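Treat the numbers as computed from the prediction; the structure is a model and nothing was measured. Each chain gets a letter, A, B and so on, in the order its sequence line appears, and its residues count up from 1. Quick note: numbers below take in every heavy atom, side chains included, and nothing from hydrogens, waters or symmetry partners.
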Amino acid sequence: MIWLNVLHMNPVWSLVVLVAASLEYLMPELSRPGVAFSVTVDPEFRRSARHARIVRHYRRGVLVSALAGLLVAFGAVEQVEAWSGPAAFCIQYIVFLIAFLLARTATLPNRIAPPETREADLSRREPPAVLAVLVIAPLITMAAVLLWTYTNWQQLPDPYPIHWGFDGQPDLWIERTPMHVYGVLGLLGGVAALLAFFGYGFLFWARHNTGAQHTRYSFPAVWIALFLGAEYFVAASATLPLGFDIRPVELIVLALLTASSLYLIVIGPAGGHAARRPDDDTPDEAWKFGMFYFNPRDAALFVEKRFGLGWTINFGQTRAWVLIALALAPLGFGFAFVMSIAS
Amino acid sequence: MTADCEAASDPFRLEKVNYSRNPGLRFAKSQATVYSGYTKMGTTKKIVRIDLGSSTPVYRQIADQIRAMLVAREFTPGERLPTVRQVAVDLGVNHNTVAEAYRNLAEEGWLNLERGRGALVVSRSTPAPSPKVRNAFAQRLRSLIAQVRAAGVSPQAIRSEFEEAATALLGREGKGTPR
């Protein structure tokens, strides 16, 4: 339960703000050649002076967003002092959003109609079913921990540890009550289920186009690895109070997560956009505010983001709303739970 | 523009892309092999290409292209086509559109549809050709030739395209006496 500690750790939130702003600063470079600020454009436009000017203004906005976020994180705004970390993140994101929308509005007059041809490779086979088992395995682990907790209640440590230091020793405890213990497990289970849903969705409900026109394959293997790694990490954390020493596993998973993230940013599909097809098989009008994809006619539940790293949900699908409900449930529960412990 | 690029941009052309003639596309193929892990080394892609701006409904474009592959024996009996969901996701269209194309092909006797497992290609006995079918074919062919000739395609190019398409789809089948 690192949340309790990091809520007021401004250096951590400052780092989050800086990383987010750095990525947003680089975003125009990471977009496909035929897309600028989520608008379909001629690749030539990306090399024009007008585009360079729009990017310059946008980047100025991102720098302002980072500055605003850091000011809030370090207590410049007294009204939000208790929540200065999360508030800093929100302020940074809101200012970035304004900069993005302004850049998008400036780009819209240069919009061209996206190509209407699409391809699918009928020789492509779906990922093997064993990958689905890999996605579900951590959830089975969580269920086993829950069962063990229920049947061996008296053997659980009291107070119940919820946070561990780098030396492997617990440094934060809560009273061993059913509400606390099952609350922690429920929260971890909810987060693991959400990560599993994303991992499964990337595997089976996302576009894996290998058509002849695709000079670079956008298979999100590293994204899947990232989500699976996070899922295993969360599930492994649930075994900690039972006395398991998972530090070696944690270190390996953390190293993999870091390597995957760096790959995605520096040399992965995101960094290789220049070598890829200019367009992304999605119509412009389906991108609401350039950020949210709403297309009931598209069977894909996840599509590649036009502006930003990774994938986003197709809000035009009913399943997407189920996913959002699933996401909000553990987050809401976690928030209420943390507040109840904090009080 | 290379022949392969022409092939990729010409909606009338339904041939397989020839990787050996274009190093760029060969690179694309090797990339697909490396990244996907699901396209076996050495297998040729079986590409379905649709045009959302075309007046031909999308389900018919899909059905026509898969039928062409089936006639050319790119899929043999016992092979499976990908699931409706997979093709719909890759093309970015609704499930029902692909399901309709598969249903049409199943009604023609090419496929056996199995829920959730894709479509199984079945062996299909060629029906006896009725004069009505032959007349309709001749009429469509004449109309198509007139259309492309009017658009400026040379008679030599039309003949060459026709022969190439017939060879690709029928192989040596059409060499004997006409039935």
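- What you find for Arg85(B) and Phe204(A) is that their closest heavy atoms are NE-O, 3.6 Å.
- Leu122(A) contributes atom CG, which lies 8.5 Å from atom CD of Gln86(B) (distance to the nearest 0.5 angstrom).
- Interface remark: of the candidates Thr97(B), Val58(B), Ile50(B), Val98(B), Ile50(B) forms the most heavy-atom pairs closer than 4.5 Å to chain A.
- Interface remark: Ile62(B) contributes no atoms to any contact with chain A (heavy atom separation under 4.5 Å).
- Contact record, Leu91(B) with Arg118(A): O-NH1, 2.9 Å, taken as the closest heavy-atom pair.
- Under a 3.5 Å cut-off, the side chain of Asp121(A) and the backbone N or O of Lys46(B) do form a donor-acceptor pair.
- Heavy-atom neighbours of Arg80(B) CZ from other residues, nucleotides or ligands within 6.0 Å: above the threshold of 12.
- At a 4.5 Å heavy-atom cutoff, the contact between Pro296(A) and chain B is made by backbone atoms alone.
- Arg207(A) places a side-chain N or O within 3.5 Å of a backbone atom of Val89(B) that can act as its donor or acceptor partner.
- For Arg149(B), the CZ atom counts as densely surrounded, since its 6.0 Å shell holds more than 12 non-hydrogen atoms of other residues, nucleotides or ligands.
- By the 6.0 Å contact criterion, CZ on Arg67(B) is enclosed, its count of non-hydrogen atoms from other residues, nucleotides or ligands being greater than 12.
- Note that CD of Glu116(A) is 6.0 Å distant from CG of Asp51(B), once rounded to the nearest 0.5 Å.
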